[in-house]
Amino acid sequence: MTLLDVRELSVGFSSLYSSIKVISDLSIHVDHGEVFGLVGESGCGKSLTAYSIMGLLPENAYAEGAVFFKDKNLLEIDREELRKLRGKDISMVFQEPMTSLNPVLKVGYQIAEVFMAHYGTSKKEALSRAVELMKAVRIPSSELRVNEYPHQMSGGMRQRIMIAMAIACRPSLLIADEPTTALDVTIQAEILQLIRNLKDEDNMSVLFITHDLGIVSEITDRVGVMYAGRIVESATVSNILNSPRHPYTMGLLDSLPTVKGKPLKPIPGNVPRPEDLPEGCRFSDRCRFAMSDCHDVEPELAEAAPGHLARCIRAGESLWHS
Amino acid sequence: MAFIDVKNIKKHFQLKKGVRGKGKVLKAVDDVSFKVEKDSVFAIVGESGCGKSTLARILVRLIEPTSGTVSFNGEDLFNLKRTALKKFRRSVQIIFQDPYASLNPRMRVYSTISEPMKIHRIVPSGDLKERVAELLTSVGLTPDMMDKYPHEFSGGQRQRICIARALSLSPEMIVADEPLSSLDVSIQAQIINLLQDLKQKHHLSFIFISHDLNVVHYFSDMVAVMYLGRIMELADTDELFERPLHPYTELLLKSAPKIGVKNRSKHVSNRMNATEIPSPVDIPDGCLFYTRCPKRFDACNRIIPQLKKFEGHSVRCLLYS
């Protein structure tokens, strides 16, 4: 059953003189209990997608389309209603645990605040629940560390605090925006395991944003690949990794070092800026399979195989490993 | 004679004294020794804070070690004077992690790349433009970009500019301190291919510092695994990836995300003991890895293991002595 349904979301920034669209007609959905991975390189709009769902877009940004969460359109409900949802039904873990915690408040209090704000719990009660949450995210000697400040903790521990805050009200949707990018690989593995356990225990859904295909392979069920503000491919994780249909996805996979000595096949060129997109398919100028048609008309996101969508006119051909 | 011979390098930082008692000593690099052969890639891996960047800075003599020696082509690096030092500066170059911070925002690309050549007077001033154009082409940029400022480039292009600057003096060795970690995957592949090409074309040696094990496996010939300032294991790259001996190396390799591996994290977190890396000022008494090691036994807490040869590896673990 669908929990989050993003329909034709467009996000842009407007100023007095110009207006730039950075996300165009993005449609994704996240089902109950599944992990949906949103993959792409920096600047493709994946974080901005998360911010629009959470209602955290900056002042000068606009969002069009619809974001349905349990039959409510998050883009239309008023601020007060959104505030009640945020942190309770939908919560978010950010990339930088260092900058997203308040440096002058004890970590225990920051977790307790969630209970006080949403349920009006007393401070004492909320603090004891904070300790329990810290145990749940496996922070050693939680009773002592509840009184620490963020600077006294390591990056991995801080990210655990962020996760504890996010799951405090047992949300049905967790948005994780590159939650492990700033962490060492050993810690990364633990945080992923933690998210997976929490998901299994509570049947929570996760929108997992990352640029790392290794992590995608490990934790997600379905994947949407973004390029220059658009979804270019979407399918189950095994289809994306084993039989990609869009040349951009293929390029990402080819960029990873696998066999020693075999030259890598990087994607040539750079990601285009949103104000400077190529004509036709947005990937056409970097694509090794591009034909003349690709430079004229932008293809639709169409079914290339059952349940496998790709935005490429050659998606029906078997290009992968050819 | 090894091209680079690092012997018992230590770098200790004296921390400021607190209100009570005396200041502690941070052992950023502790008793590190290794050799690098010519035309080879020597990789240093480890988690953040293990001392790999400090080591890189020592190797190019940006900072002086507390004790120990580094010899470069047989000469003691920290005893080089004037001309010899200048010659060393020419033969060893460094590329930093963050191409946004390592280029002067107020200098055009031309000035950035030509400055080293002017200082070392290796190219007649009339030929500088031509040489800069040549360097830009060799790193996959175009000569017309020399009149631009760094802010006009993307991260990958900036890293190429840094590489061009490093190449301008035709060095024998490049120390690359996490040159890929601020770049996107597709751009990372471009830069690896470029480094690979340049290595073959110019017979460069590399000291390659990274935390990305897939890249290290792909690019390097020898690997040293560092933990809290010490080398825990040192071996030929293929050998190390195929048969890691030290429990820490094993843990690192298992933690690296790989496509098609579903249960890595389950595996890792089930095996690991406490999760936090000890603070480098408060290191454990016995083996440094004791607190996190899945294979620890009693003696590990008391005896400090030495780096010993074992089946072609050098490994610092009591299991292999």
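Reminder, nothing fancy here: chain letters follow the sequence lines and each chain counts from 1.
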What closest approach, in Å, do A:P263 and B:Y218 show between heavy atoms, and which atom pair accounts for it?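 Shortest heavy-atom separation between A:P263 and B:Y218 comes out as CA-OH, 3.4 Å.
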Search all heavy atoms of B:E152 against all heavy atoms of A:R273 and return the closest pair with its distance.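 Closest pair (atom of B:E152, atom of A:R273, distance): O-NH2, 4.5 Å.
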Value rounded to 0.5 Å, distance of CD1 in A:I267 from CD in B:Q190: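 If I round to the nearest 0.5 Å, the distance is 8.5 Å.
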Counting heavy-atom pairs under 4.5 Å to chain B, which of A:N270, A:L241, A:L252, A:I191 comes out on top?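 Maximum pair count with chain B is reached by A:N270.
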A side-chain contact here means heavy atoms from C-beta on lying under 4.5 Å apart; do B:Q196 and A:L264 qualify?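 B:Q196 vs A:L264: side chains apart.
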For B:I259, run the side-chain contact (heavy atoms from CB on, under 4.5 Å) check against A:I215, A:N242, A:L256 and tell me which one passes.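 The option that passes is A:L256.
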Option from A:V185, A:L192, A:V216, A:I219 for which side-chain contact (heavy atoms from CB on, under 4.5 Å) with B:P257 holds: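 Exactly one pass, corresponding to A:V185.
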Let me know if A:L194 has heavy atoms under 4.5 Å from chain B in its side chain, its backbone, both or neither.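 When you check distances to chain B, no heavy atom of A:L194 falls under 4.5 Å.
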Which of residues 153-163 of chain B get closer than 4.5 angstrom to chain A, counting heavy atoms alone?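 So far as heavy atoms go, B:S154, B:Q157 are the residues that approach chain A to under 4.5 Å.
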Could you name the residues of residues 176-187 of chain B that have a heavy atom within less than 4.5 Å of a heavy atom in chain A?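 Expected list: B:D184, B:V185, B:S186, B:I187.
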Give me each pair satisfying side-chain hydrogen bond (donor to acceptor under 3.5 Å, both in side chains) with a member in residues 199-209 of chain B, each pair once, sequence neighbours excluded.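 Not a single pair qualifies under side-chain hydrogen bond (donor to acceptor under 3.5 Å, both in side chains).
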Which bit of B:Q188 is near chain A, if near means a heavy-atom gap under 4.5 Å: side chain, backbone, both or neither?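 Interface part for B:Q188: neither.
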My understanding is that only residues two or more places apart in sequence, or in another chain, count here; which of them pass side-chain contact (heavy atoms from CB on, under 4.5 Å) with A:A136?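 Scan of A:A136 (side-chain contact (heavy atoms from CB on, under 4.5 Å), adjacent residues dropped) gives none.
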